[in-house]
Amino acid sequence: MTTDQEQISVDFVRQIVATDIESNKNDGKVITRFPPEPNGYLHIGHAKSICLNFGIAAENQGVCHLRFDDTNPCKEEDEFVQAIKKDIRWLGFDWGEHEYYASDYYQQLYDWALKLINDDKAYVDDLSAEEIRQYRGTLTEPGRESPHRNRCVSENLDLFQRMKAGEFDDGQKVLRAKIDVTSPNINLRDPVIYRILKAHHHRTGDDWCIYPMYDFAHGQSDSIESITHSICTLEFEDHRPLYDWFVESLEIHHPQQIEFARLNINYMVMSKRKMAELVNQKIVNGWDDPRMPTLCGMRRRGYTPKSIIKFCARVGVTKFNSLTDIGLLEHSLREDLNQIAPRAMGVLNPLRVVIENYPEGQTEELDAVNNPQDESMGTRKVPFSRVIYVEQDDFMEDAPRKFFRLSVGREVRLRYAYFITCQSIIKDEKTGKAVELRCTYDPLTRGGDSPDGRKVKGTLHWVSAEHAVDAEVRLYDRLFTDPEPSGGKDDKDYHDYLNPDSLKVLTNCKLEPSLGKAEHGMQFQFERLGYFCVDPDSTADAMVFNRTVALRDSWAKADKAKS
RNA sequence: UGGGGAUUGGUGUAAUGGUAGCACGGCUGACUCUGAAUCAGUUAGUAUAGGUUCAAAUCCUAUAUCCCCAGCCA
């Protein structure tokens with residue numbers, strides 16, 4: 001998937017896979033899987049896992065399955081299934097016909113539970129959830145055996161079948177694996193493997209009223225699908241002995257579980273629960289709010305699949321709990337957009353400029369390059385006239401020497417147009433703020449070069465007032481002000497770090513006319529400003545652009561450093 | 001204070017007993033009709049203390065710090 005020569009190192013998971021292929025384990029085959037629970041939207045953290053699982057399969061002529069771990073009917077919905085599939089496809093990965101659901105295996109899982117009971121390795125327990133918790137012990141004290149632990153096989157069989165038949169209410173009984181209640185690993189203290197849940201399932205409807213727990217479904221699902229390498233995140237490391245216990249007790253194919261560290265990025269929250277809160281508490285405008293780290297949010301923001309994949313490759317795969325700088329993500333984004341985004345001119349905060357010696361009523365069409373990185377993208381015409389808009393930030397009344405922009409008496413270039421010199425300022429009487437600049441132009445500099453070889457330090461973007469397209473532009477900033485909003489410092493919650501300026505809406509923006517034809521999702525670089533894309537809210541009459549990411553700005557940086 | 005993991009520049013990673021490298025960021029400078037991009041240079045690291053070895057990020061011993069686990073969630 002990496003298209004250029006930048007070396008992406010072989011991570012420890014790939015090393016294990018390579019070793020297994022070499023030793024001909026699994027007949028040299030590689031089958032991985034991406035196993036989301038359909039209870040929420042995918043985010044950038046999932047992208048890391050998707051890239052890993054699909055990437056390893058592709059690199060080894062293997063396949064990667066998409067399997068929905070849908071064992072909890074109370075939380076899961078088809079809406080999420082569809083959204084997840086859309087996001088994975090958008091990233092560019094293909095699971096072919098290998099679309100599976102843990103719920104496809106409910107019957108098999110049930111039969112295996114029966115086998116465990118028959119082997120005296122599982123029993124029905126009547127304890128309440130609260131009692132089970134008490135019997136489980138603590139981190140430092142061993143658990144105690146349930147009084148029902150030694151029920152005979154036939155009684156267990158009878159009870160479990162009656163659980164399935166719906167004879168008991170939710171929570172009245174559970175099926176537990178009989179392992180070791182004194183184990184230092186709490187996951188092995190007779191874990192619950194089936195619970196009664198009289199709930200409607202998004203795929204199996206009301207066929208079942210008992211549902212397997214994750215631990216009893218995941219490994220076996222892997223096994224059924226002949227998964228060779230079951231790659232998951234660190235928090236499941238403690239579950240591996242249980243994973244192994246089930247496949248060994250059941251004497252079925254034994255996939256190898258390998259754990260890696262999940263992705264963390266500073267200034268973001270990366271948990272499904274917190275994201276759901278942001279949505280439900282209306283802190284953001286839905287799962288696809290461009291400030292969200294969800295894949296649908298990032299797509300709307302203007303992230304490209306390639307930039308996300310490249311980022312994931314750069315982040316690498318280890319067991320170290322890291323906090324990646326968001327700058328790395330943004331670098332990957334700019335890198336891609338710089339190559340593919342056509343350039344255009346747009347003025348976000350317009351300042352009117354009248355070119356006094358330019359003939360009234362005259363219009364010219366000037367040639368502009370669409371992408372200096374890619375000649376094949378050609379050129380376009382941009383109209384020029386007597387009244388134009390420039391950026392308010394490109395004018396300063398008391399300008400320092402190093403300010404290469406407009407100020408009274410200073411000459412700058414209008415990109416692809418003319419050199420202009422600021423002659424005077426018209427101010428608002430009340431505020432004293434400049435509302436218009438009176439300038440003169442040099443007709444000999446048409447196209448942007450002076451025949452006398454005169455140089456100017458600054459080049460400004462501009463838009464002809466008469467031809468401008470009006471637009472709304474939404475500027476996004478990080479959602480949180482703290483690099484670790486969930487860090488739990490000083491009893492603070494991530495809500496305490498919400499950035500009040502994470503969204504700024506500009507409604508008076510002026511864009512060059514070629515942008516008037518832009519369609520949903522199209523991406524541009526507004527020269528000197530950043531990358532922007534057309535938001536789905538946009539209509540022909542009321543265009544809406546999102547700023548995907550600003551350009552690097554060494555002037556702003558130097559300016560900020562001084563103050 | 002039970003069990004399981006982890007620790008290399010500011011950040012993310014590589015080096016699998018033999019030159020501590022790459023990327024992002026930062027800082028210089030060059031170039032530039034985008035203060036972008038590009039190019040060149042530069043900055044900065046093996047958690048600590050012992051030990052083994054000709055040689056240790058890597059092996060051994062101890063210590064420190066961080067993360068995960070006590071759902072009928074995944």
Side-chain angles (χ1 to χ4, degrees), chain A residues 6-11 15 35-37 39 69-72 74-76 125 127-129 132-134 136-143 170-176 183-189 191-197 211 213-215 217-218 232-241 259 261 266 272 311 314-332 334-335 338-339 343 345 368-369 372-373 402-405 413-417 419 447-449 455-461 525-530 550-559:
Chain A
E6 185 178 325
Q7 277 301 308
I8 301 301
S9 63
V10 177
D11 57 71
Q15 285 179 32
E37 184 191 11
N39 71 340
D69 260 346
D70 55 350
T71 55
N72 187 346
C74 308
K75 293 186 177 175
E76 296 148 6
D125 199 347
L127 256 29
S128 69
I132 287 181
R133 189 184 324 148
Q134 283 164 2
R136 187 158 32 223
T138 67
L139 294 178
T140 49
E141 305 160 30
D170 286 14
Q172 246 190 310
K173 289 191 176 2
V174 292
L175 185 69
R176 293 229 253 167
S183 171
N185 181 344
I186 290 177
N187 296 120
L188 263 21
R189 319 239 262 229
V192 171
I193 59 179
Y194 263 94
R195 75 285 216 195
I196 299 168
L197 246 28
Y211 292 90
M213 299 287 289
Y214 165 86
D215 284 308
H218 191 89
C232 63
T233 44
L234 249 30
E235 68 269 26
F236 293 105
E237 217 152 14
D238 286 344
H239 294 242
R240 184 163 15 104
E259 310 86 9
N266 57 15
K272 260 190 213 174
F311 167 74
R314 285 181 166 134
V315 161
V317 180
T318 67
K319 295 180 83 105
F320 178 62
N321 222 309
S322 60
L323 184 62
T324 298
D325 193 321
I326 191 171
L328 192 62
L329 214 208
E330 293 181 341
H331 167 77
S332 302
R334 291 190 184 103
E335 178 182 56
N338 182 43
Q339 291 304 319
R343 267 90 242 236
M345 291 196 285
V369 175
Q373 308 293 320
K402 290 221 169 173
F403 183 77
F404 305 141
R405 310 179 187 182
R413 171 170 37 233
L414 295 177
R415 179 139 230 223
Y416 301 123
F419 286 11
D449 279 307
K455 297 283 182 204
V456 287
K457 282 296 272 183
T459 299
L460 310 188
H461 61 279
Q525 183 197 97
F526 290 0
E527 295 213 31
R528 304 209 304 135
L529 296 175
L551 249 29
R552 286 185 63 192
D553 188 347
S554 52
W555 165 251
K557 201 187 297 170
D559 199 43

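Computed from a predicted structure; not experimentally measured. So that the names make sense, note that chain A is the first sequence line, chain B the second, and so on, each numbered from 1.
- Nucleotide B:C54 has B:G18 as its partner under the Watson-Crick or G-U criteria, with both atom distances under 3.5 Å.
- Figure legend. B:U8 is base-paired to no nucleotide; pairs are counted as Watson-Crick or G-U wobble with both atom distances under 3.5 Å.
- The base of B:U38 lies outside donor-acceptor range of the side chain of A:Q373, with no N or O pair under 3.5 Å.
- Centre separation under 5.5 Å together with a plane angle under 30° holds for the ring of A:W555 and the six-membered base ring of B:G35, marking them as stacked.
- Across all strands shown, B:U61 forms a Watson-Crick or G-U wobble pair, both distances under 3.5 Å, with B:A49.
- The partner of B:G2 is B:C69, judged by Watson-Crick or G-U wobble contacts that both fall below 3.5 Å.
- A:R343 has its side chain within reach of A:Q373: a pair of non-hydrogen atoms, C-beta onward, lies under 4.5 Å apart.
- Comparing B:A74, B:C72, B:G35 by their nearest atom to the side chain of A:R528 picks out B:G35.
- Distances from the side chain of A:R136 to the nucleotides B:U34, B:A74, B:A70 place B:A70 closest.
- Among the nucleotides B:U34, B:C73, B:G5, the one closest to any side-chain atom of A:R343 is B:U34.
- Look at B:C31: it lacks any Watson-Crick or wobble partner with both distances under 3.5 angstrom.
- Between A:S554 and B:A36, a side-chain N or O to OP1/OP2 separation shorter than 4.0 Å is present.
- Ion pairing of A:E37 with A:K75 is absent here, as no side-chain N (NZ or NE/NH1/NH2) approaches a carboxylate O to less than 4.0 Å.
- Sequence order on RNA chain B of the closest nucleotides to A:A556 and A:N72 puts A:A556 first from the 5' end.
- Atom CZ of A:F320 and atom P of B:U46 are 15 Å apart (whole Å).
- The only option from A:L127, A:I196, A:D125 that meets the side-chain contact (heavy atoms from CB on, under 4.5 Å) definition with A:V174 turns out to be A:D125.
- Between B:C72, B:G5, B:U34, one nucleotide has an atom nearer to the side chain of A:R415 than all others, and that is B:U34.
- Here A:T318 does not reach the OP1 or OP2 of B:A6: none of its side-chain N or O atoms lies under 4.0 Å away.
- Phosphate proximity of B:C73 to A:T71: absent, as no side-chain N or O sits under 4.0 Å from OP1 or OP2.
- Here A:G316 lies out of heavy-atom contact (under 4.0 Å) with every strand.
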Please write out the pairs of protein N or O atoms and N or O atoms of nucleotides 25-30 of chain B separated by less than 3.5 Å, giving the distance to one decimal.
unit_1 : atom_1 : unit_2 : atom_2 : d
B:G26  : OP1    : A:K557 : NZ     : 2.5
B:G26  : OP2    : A:R552 : NH2    : 3.0

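- In this structure the side chain of A:T71 never reaches within 4.5 angstrom of the side chain of A:Y211, judged on heavy atoms.
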N/O to N/O distances under 3.5 Å, protein versus nucleotides 66-69 of chain B:
unit_1 : atom_1 : unit_2 : atom_2 : d
B:C67  : O2'    : A:N321 : ND2    : 3.0

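- A:F404 qualifies as a stacking partner of the B:G35 base, centre to centre under 5.5 Å and near-parallel within 30°.
- Base orientation at B:G71 is syn, since its O4'-C1' glycosidic dihedral falls within 90° of 0.
- One can place CG of A:N338 at 14 Å from P of B:C24, the figure rounded to the nearest angstrom.
- In this entry the distance linking CG of A:D170 with P of B:C73 reads 10 Å, nearest Å.
- For A:R314 and B:U13, a side-chain-to-base donor-acceptor distance below 3.5 Å is absent, hydrogens and geometry of angles not being considered.
- A:D215 has its side chain out of reach of A:I193: every pair of non-hydrogen atoms, C-beta onward, lies at least 4.5 Å apart.
- At least one side-chain nitrogen or oxygen of A:R195 sits closer than 4.0 Å to the OP1 or OP2 atom of B:A74.
- Screening A:R528, A:R413, A:E527 for a side-chain hydrogen bond (donor to acceptor under 3.5 Å, both in side chains) with A:T459, the sole residue that qualifies is A:R413.
- Comparing B:A36, B:G35, B:G5 by their closest approach to the side chain of A:L551 singles out B:A36.
- Nucleic acid contact for A:E259: none, since no nucleic acid atom lies under 4.0 Å from a heavy atom of the residue.
- Residue contacts for A:R413: at a heavy-atom cut-off of 4.0 Å it reaches a base atom on one of the strands shown.
- Residues A:F419 and A:G448 come closest through the heavy atom pair CE1-O, 3.5 Å.
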Might you list the N or O atoms of the protein lying below 3.5 Å from N or O atoms in nucleotides 41-45 of chain B, with each pair's distance?
none

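- B:A44 makes up no base pair with any nucleotide shown, lacking Watson-Crick or G-U wobble contacts both under 3.5 Å.
- For B:A15, one of the phosphate oxygens OP1 or OP2 lies less than 4.0 angstrom from a side-chain nitrogen or oxygen of A:Q15.
- For the pair A:N39 and A:N72, the minimum side-chain heavy-atom distance is 4.5 Å or more.
- With B:A36, B:A6, B:C72 as the choices, the nucleotide that has an atom nearest any side-chain atom of A:V174 turns out to be B:C72.
- Residue contacts shown for A:L127 include a base, since a base heavy atom lies under 4.0 Å away.
- Taking only distance into account, the side chain of A:R240 never meets the base of B:G4 through a donor-acceptor pair shorter than 3.5 Å.
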